[in-house]
Amino acid sequence: MQVLAVASEIYPLVKTGGLADVAGALPLALDRHGVGTTTLVPGYPQVMARVHASGTARSVFAWGEFYGGWAEIIQAQVAGLKLFVLNAPHLFERDGGIYGNGAVDWSDNWRRFAALSRAGADIAGGLLADYRPDLVHVHDWQAALTLAYMRYGAAVATPSVITIHNLAFQGQYDASIFAELGLPDEAMSIHGVEYYGGVGFLKAGLQSAWAITTVSPSYAQEIRLPEFGMGLEGLLNSRSASLIGIVNGIDVDQWDPQTDPHLPVHYSADDLDDRRSNRHHVEERFGLDRDDSLLLCLVSRLTWQKGIDVLVDCLDDIVAMGAKVALLGNGDAGFEGEIHAAAGRHPGRIGVVTGYDEALSHQLTAGADAILVPSRFEPCGLTQLHGLRYGCVPIVTRTGGLADTIIDANEAALTAKVATGFQFEPLAKQPFLNAIRRALNVHREPDAWRQMQTQAMKSDVSWDHSAECYIDVYRSLLRGTHL
């Protein structure tokens, strides 16, 4: 089986969030089960640098004019990943973020990702002489239009899957762009790409896909409700028979406390005492007191979705309860300012590093006692999986993938020694503080806390089971069975 994946980012070449981790890890897991995946990605500068450095790059197709300029498809292999790269300098060779410069999206993102999608659909339809996939799997709104191009083009009979990583990001644009998309007039309808009078990239993908997946079973159910459906709940309910939730995994080779090159000291579930050196490193890096109090960490985008407003409201109380907090992230400038103000009020008890730092995120997870994930909604979440893997006990909102991956430390679970973290709901100050208080109480009993850490580290957070679930979906579609 040969799968063409289409994604706007892929780890380790380019990453802004969890989408990149999935796009990079899932193909490797599928390959271990005999399913070959080649991923089409944009030719951003950082991608082109890695591709050319690989020594494997070769041009396999070129257009004289493609969405406003010359473009080509490059085939390469980087970090074990088989790639097609859309090298279109007029679209992707830019300074700044891959979606925009700072907090402002590029005004032509619709054109950039329509081009990516069209290239994916053309490859699916036989553009390349020696490659035609059995199935196409696209990720999020940036690649979703691939399925509309397939539906109205040469690849109409090729099975397709779209994965929703976060329904909040939909790629909605004014109807005026439709004329430049190269789709037939009939596509501008409620059954095609039309969405509330404009063009909806994600909506078009959900309408055209043979199967729809989300990154956790709970999120698959939540997005059918008005409070989580972001305006698409009607469409998702109409396609409920084709909707399935498959929880994400993580790359357990990249995230392995016994071998992780980012860690000052390696450890395993059998020698948790060695974690203390990593804890001391975190305390020093974040300017925190060196003591035995509960050390909480946060590794997150600082946004409303991630519940940072509630966290900010709790910081003074968390310190008053006797815990300390190390926070790593960036995002909303207002939240950043409030967090730094709290750190100023509580020197030695709250430490902050603003920005994205992959190595430091590993070190935090290996050194802190617990990791905070107070999301309003969370399709899957990866930081709680990192926490499980590293014995950093997750404290999470009971929503989406957080609910699916964490066993709450209620009395029964603690007695049975199966608890792996603490869940709370709803997302509000008092329930959040109650969960932290429960964690404090267990942390005061070293044997009980170590049992939770050990149980957390036994959790299967790999891609193996999830890859098998995706393969089941693929095989069903290849048999001609729409889910």
Practice problem: Assess whether atom CD of E227 is packed by more than 12 heavy atoms of other residues, nucleotides or ligands within 6.0 Å. | Solution: yes
Quiz item: With the threshold set at 4.0 Å, does a side-chain nitrogen-carboxylate oxygen contact exist between K203 and E194?
Solution: no
Quiz item: Only one of L298, V310, I395, V396 clears side chain to side chain contact (heavy atoms under 4.5 Å, CB included) with P374; which?
Solution: L298
Quiz item: At what distance, to the nearest 0.5 angstrom, does CD1 of I162 lie from CG of L202?
Solution: 5.0 Å
Self-check item: R349 side chain to S293 side chain, donor-acceptor N/O pair below 3.5 angstrom
Solution: yes
Quiz item: So with a 6.0 Å cut-off around CZ of R285, is the heavy-atom count from everything else above 12?
Solution: no
Quiz item: Is R389 salt-bridged to D260, going by a charged N under 4.0 Å from an acidic O?
Solution: no
Quiz item: Going through the distances and angles, do I98 and Q46 end up as a side chain to side chain contact (heavy atoms under 4.5 Å, CB included)?
Solution: CA-CA 10 Å; I98 63 175; Q46 56 269 59; 3.7 Å; yes
Self-check item: Donor-acceptor pair, side chain of T146 and main chain of A143, under 3.5 angstrom
Solution: yes
Self-check item: SB check D289 K324 (cutoff 4.0 Å)
Solution: no
Quiz item: Is there a donor-acceptor pair under 3.5 Å between the side chain of R239 and the backbone N or O of L206?
Solution: yes
Exercise. Please test Y219 against F228 for ring pair (Phe, Tyr, Trp, His ring centres under 6.0 Å), starting from the C-alpha separation and ending with a verdict.
Key: CA-CA 9 Å; Y219 192 61; F228 294 100; 7.4 Å; no
Quiz item: Hey, are R275 and N278 close enough side-chain-wise for a donor-acceptor pair under 3.5 Å?
Solution: no
Self-check item: Minimum heavy-atom distance between A409 and M452, given as atom pair plus value
Solution: CB-CE, 3.9 Å
Quiz item: With T213, which of V161, L243, I164 fulfils side chain to side chain contact (heavy atoms under 4.5 Å, CB included)?
Solution: V161
Quiz prompt | Residue pair D140 / H165, side-chain donor-acceptor N/O under 3.5 Å | solution = no
Quiz item: So which of D271, D369, D292 actually passes salt bridge (Lys or Arg N to Asp or Glu O under 4.0 Å) with R276?
Solution: D292
Practice problem: Keeping the roles fixed (side chain from Q170, backbone from M230), state whether a donor-acceptor pair exists under 3.5 Å. | Solution: yes
Quiz item: According to the interplanar angle, ranging from 0 to 90°, do the rings of H139 and H137 count as parallel (below 30°), tilted (30 to 60°) or perpendicular (above 60°)?
Solution: parallel
Self-check item: Main-chain N/O of T16 paired with E9 side-chain donor or acceptor, under 3.5 Å
Solution: yes
Quiz item: Quick one: do R438 and D408 make a salt bridge, cutoff under 4.0 Å?
Solution: yes
Quiz item: Relative to the ring of H362, is the ring of W255 parallel (under 30°), tilted (30 to 60°) or perpendicular (over 60°)?
Solution: parallel
Quiz prompt | T399/R376 under side chain to side chain contact (heavy atoms under 4.5 Å, CB included): CA gap, chis, key distance, verdict | solution = CA-CA 8 Å; T399 186; R376 274 191 167 77; over 6 Å; no
Quiz prompt | Residues forming a side chain to side chain contact (heavy atoms under 4.5 Å, CB included) with H281, sequence neighbours excluded | solution = P264, Q363
Quiz item: Should we count NE2 of H465 as having more than 12 external heavy atoms under 6.0 Å?
Solution: no
Practice problem: Output, in order, the C-alpha distance, side-chain angles, deciding distance and verdict of salt bridge (charged side-chain N to carboxylate O under 4.0 Å, His left out) for D309 and K429. | Solution: CA-CA 10 Å; D309 55 324; K429 181 176 182 178; over 6 Å; no
Quiz item: Is a side-chain donor or acceptor of Q305 paired with a backbone partner of F377 at a separation under 3.5 angstrom?
Solution: yes
Quiz item: If you count the non-hydrogen atoms of other residues, nucleotides and ligands that lie under 6.0 Å from CD1 in I190, is the total more than 12?
Solution: no
Practice problem: Answer yes if the side chains of E284 and H280 hold a donor-acceptor pair under 3.5 Å, and no otherwise. | Solution: no
Quiz prompt | Value rounded to 0.5 Å, distance of CG in L385 from OG in S459 | solution = 9.0 Å
Practice problem: Please assess W449 against V393 for the test side chain to side chain contact (heavy atoms under 4.5 Å, CB included), listing each intermediate value before the final yes or no. | Solution: CA-CA 9 Å; W449 188 262; V393 175; 3.7 Å; yes
Quiz item: For T354 and I339, what are the C-alpha separation, side-chain angles and deciding distance, and is it a side chain to side chain contact (heavy atoms under 4.5 Å, CB included)?
Solution: CA-CA 10 Å; T354 303; I339 288 170; over 6 Å; no
Quiz item: Going by the angle between their ring planes, with limits at 30° and 60°, are Y390 and Y267 parallel, tilted or perpendicular?
Solution: perpendicular
Quiz item: What do you reckon, are the aromatic ring centroids of Y99 and W106 less than 6.0 Å apart?
Solution: no
Quiz item: Below 6.0 angstrom between ring centroids: does that apply to W141 and F113?
Solution: yes
Quiz item: Strictly by modelled atom types, are N434 and Q430 linked by a side-chain donor-acceptor pair under 3.5 Å?
Solution: yes
